[in-house]
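Here is how names work: the chains are called A, B, and so on, in the same order as the sequence lines, proteins then strands, and each is numbered from 1.
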Amino acid sequence: MARFRLSDLNDAQRIAATTTDGPLLILAGAGTGKTRVITMRVAYLIAQGVDPAHILAVTFTNKAAAEMRERLGKMIDAADAKKVTMSTFHALCLRILRAGIDRLGYKNNFSIYDEGDQLGLIKKIITRTAARDEKLDPNIAKASISKAKNNGWSPPHDGETLAGAVFRRYRDELKTANAVDFDDLLLLTVQLLNEHPDVRQRWRERFRYLMVDEFQDTNRLQLELVRLLADERQNIAVVGDDDQSIYGWRGAEVSNILEFEHHFPNPTVVKLEENYRSTNAILGTANSLIKHNPRRRPKRLWSSRGDGEKVRLIESPNDREEGQFVAEEIHRRHMDTEEPWEGFAVLFRMNAQSRILEENLRRLQIPYRIVGGKSFFDRREVKDLIAYMSVLVNPEADANLLRIINTPARGISAATVETALQWSVRQKCSLWEALRSAQFVASVSARTGASINAFVELIDSYQIKIAEPLTEPSAIVTKLIAEIEYATELRRSCKTAEEASAREGNIGDMLRDLAAFAQRSTKGLPGFLDEILLDQEREEEKQEDIEKKKAVTLITMHAAKGLEFRHVYLIGLEEGLLPHERSKSEGTIDEERRLLYVGITRARRTLTLSYCRDRLKFGSVSPCHPSSFIKELAPEFLERVDLKKLLATPVTEVTGKSRFAQMRAAIGG
DNA sequence: AATCGTCTGCTTTTT
DNA sequence: GCAGACGATT
């Protein structure tokens, strides 16, 4: 029985949730109940008799997909909810490719190269290809390859530049390695559906109702994929907000949402403008800023809540004092108003800005958490283990093989590997095939040859074990780790015993994850690898679960999208930082404005903006000017606050509650 | 093979 | 001002 009520929605939301046929564009401003509408729409479709298996909802992050799934589970029958496909673009593509990539000449056990693998391969190709005086930054090459793939460009065949040659070799060597990168997941899926009508038809039959979340962040390939799937029925509902498009630098095309009518003619267009998150002072400030953007769909967020407190604007002498002020004020407000730590967030443009904040928060013993930063998947031992497991599934993926071929040391030196690699390039085969080739092994010393043969036999034997159905993959991998004495290797290579055991613990965690995966899935080791490669967030979430942190949040404005906090501090609002200097030269100031807009609309109750007169930049103090965005903000909601006066006054807002709290404390309960 | 020292060059990072 | 990359050194 349905546990959802359409009457819980406002008029616009209800239209969005109940328009089931034809293209639908839902322009969902910040805090307007977007996820609610999407899940309600899915529930409504099912209530109308649509088979849940025919519904596809695509998101950008695993977190968003999981949240949607959870909410849907509360609304409708659990069995039905399970049948709905909710996945990220990349996970969807992976699924389509695992089923049919052989049509494109790959094997279905292909590996996925992460950005590190990509970079490693590109570096190798550059050093092999470039002439002595030629230079090409691998990171730039990687970025242009990604851009080229997303634009559907092919590498040039002749009269080629170094960059072009690197692109072509990169593409060819990936294929030889039976591997794809993140861009390929999209690119090859589009290619597969384009070139093979039967495959296309199959997936069109499967997914008859499509929904795409965060549509403003889709790139060209993602739009193309959606078009391919939606083609005949045009049952495509997209949700997004052009004002929150902040990933243009990653290839997102705002035009996808701005010109939705062009891609999907005659859509129903619904605007969600009633905001359930913030006060009108905050929304008015946001509206006044964003209306300065030329290319946008006009929208005005409003709330039935009152104006609330004015937005404060604070000037600090320098970044140190800014950090000190923010930390001290959060401390004071927490003490005075009993506002819990997790009600506060400090938002900034670059991660480097978090340092000063951290120091000040630590000094006052305020608990904090930093969102983003380095992933657990960057850890050496985790990468090694993933590489070992990947090699068992697909030994042709050079990147994985290279990682483990001599870890722990087994007598296959870097020089030997280099020779093998050269041989494999000449033979247009994978490194693995080179190692297996009797002809190659004969070309190295007897001793090295023996080491290579032993390694090949090791991998072969475990490959056979892992391929057997009904065997427990985690037991096999555990045995492999023991056989190569990886723990010994860790103890040898770590400075302290604690570090070694911490790393060993990470290995244990991952093996337990694998065992748990095998319990709930039939997809075995390959399935496990797919999951961890496309969900790098998992580990981080786990950590949060353990601590359930009651802490102040430090976060970039990018990473803050989709989150909300009662009290938000936006720091470093200076010309050159926000908007960033580079955006000014690159002509992407509109996106910087949207970034600030995203930051502002994270705040539920109070918002404090701050800039400095001086800032430590590249080691030396340099003067700064207030961001040009500040003068675009509606003056009626803005209050300039003098830092000195503020520090002199012990309690500002919510004095009543503070007194009440003090009285209660005095009474003792 | 590991470690030390110097050089460089500075956003944002869903997958 | 500092991290990360890379080459010279033992």
Could you tell me whether [X] and [Y] have a side-chain N and a carboxylate O separated by less than 4.0 Å?
X       : Y       : value
E358(A) : R355(A) : no
R320(A) : E359(A) : yes
R277(A) : E564(A) : yes
E321(A) : R613(A) : no
R128(A) : E173(A) : yes
D117(A) : R403(A) : no
E632(A) : R593(A) : yes

>> Within 90° of 0 counts as syn, otherwise anti: where does dT12(B) fall?
In response: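 Chi for dT12(B) falls in the anti range.
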Which nucleotide in the list [options] gets nearest to the side chain of [X]?
X       : options                   : answer
L534(A) : dT15(B), dT13(B), dT11(B) : dT15(B)
F618(A) : dG1(C), dT13(B), dT15(B)  : dG1(C)
A559(A) : dT13(B), dT11(B), dT15(B) : dT13(B)
R355(A) : dC2(C), dT15(B), dT12(B)  : dC2(C)

For atom [atom1] of [X] and atom [atom2] of [N], their distance in whole Å:
X       : N       : atom1 : atom2 : answer
Q222(A) : dT14(B) : CD    : P     : 14 Å
Q244(A) : dT14(B) : CD    : P     : 17 Å
K142(A) : dT15(B) : NZ    : C1'   : 12 Å
D241(A) : dT14(B) : CG    : P     : 20 Å
K584(A) : dT11(B) : NZ    : P     : 16 Å
H558(A) : dT11(B) : NE2   : C1'   : 8 Å
M557(A) : dT14(B) : CE    : P     : 17 Å
R349(A) : dC10(B) : CZ    : P     : 15 Å

> Can you name the ring pair (Phe, Tyr, Trp, His ring centres under 6.0 Å) partners of W249(A), sequence neighbours left out?
Replying inline: Y247(A), H558(A)
> Could you write nucleotides 1-6 of chain B as a row of B, S and -, 5' to 3', where a protein heavy atom under 4.0 Å of any base atom gives B, of only sugar-phosphate atoms gives S, and otherwise -?
Replying inline: -S----
>> If the condition is salt bridge (charged side-chain N to carboxylate O under 4.0 Å, His left out), which residues does E67(A) pass it with, not counting sequence neighbours?
In response: R71(A)
Mind checking the [atom1] distance from [N] to [M]? Whole angstroms is fine.
N       : M       : atom1 : result
dT14(B) : dA3(C)  : C1'   : 25 Å
dG4(C)  : dT13(B) : P     : 15 Å
dA5(C)  : dT12(B) : P     : 15 Å

>> Would R98(A) and F110(A) count as a cation-pi pair here, with the cationic atom under 6.0 angstrom from the ring centre and within 45° of the axis?
In response: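 Cation-pi check for R98(A) and F110(A): passes.
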Determine the contact category for [X]: base if any of its heavy atoms lies under 4.0 Å from a base atom, sugar-phosphate if only primed atoms, P, OP1 or OP2 are that close, otherwise nothing.
X       : answer
Q353(A) : nothing
D217(A) : base
R594(A) : nothing
E214(A) : nothing
F89(A)  : nothing
E592(A) : base

>> The criterion is side chain to side chain donor-acceptor pair (under 3.5 Å); which residues satisfy it with T608(A), sequence neighbours excluded?
In response: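 Testing T608(A) for side chain to side chain donor-acceptor pair (under 3.5 Å), a comparison that skips the adjacent residues, returns R312(A).
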> For T218(A), what residues pass the side chain to side chain donor-acceptor pair (under 3.5 Å) criterion, not counting sequence neighbours?
Replying inline: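 Expected list: N256(A).
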Just the atom pairs and distances: protein N or O near nucleotides 6-9 of chain C's N or O, under 3.5 Å.
none

Would you say a side-chain N or O of [X] is under 4.0 Å from OP1 or OP2 of [N]?
X       : N       : answer
T556(A) : dT11(B) : no
N62(A)  : dT15(B) : yes
N351(A) : dT11(B) : no
N139(A) : dA5(C)  : no

> Under the 5.5 Å and 30° test, is W249(A) stacked on the base of dT12(B)?
Replying inline: yes
>> Counting distance alone, no hydrogens or angles: does the base of dT14(B) have a donor or acceptor under 3.5 Å from a partner atom on the side chain of R250(A)?
In response: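 In this structure, the two groups form no donor-acceptor pair.
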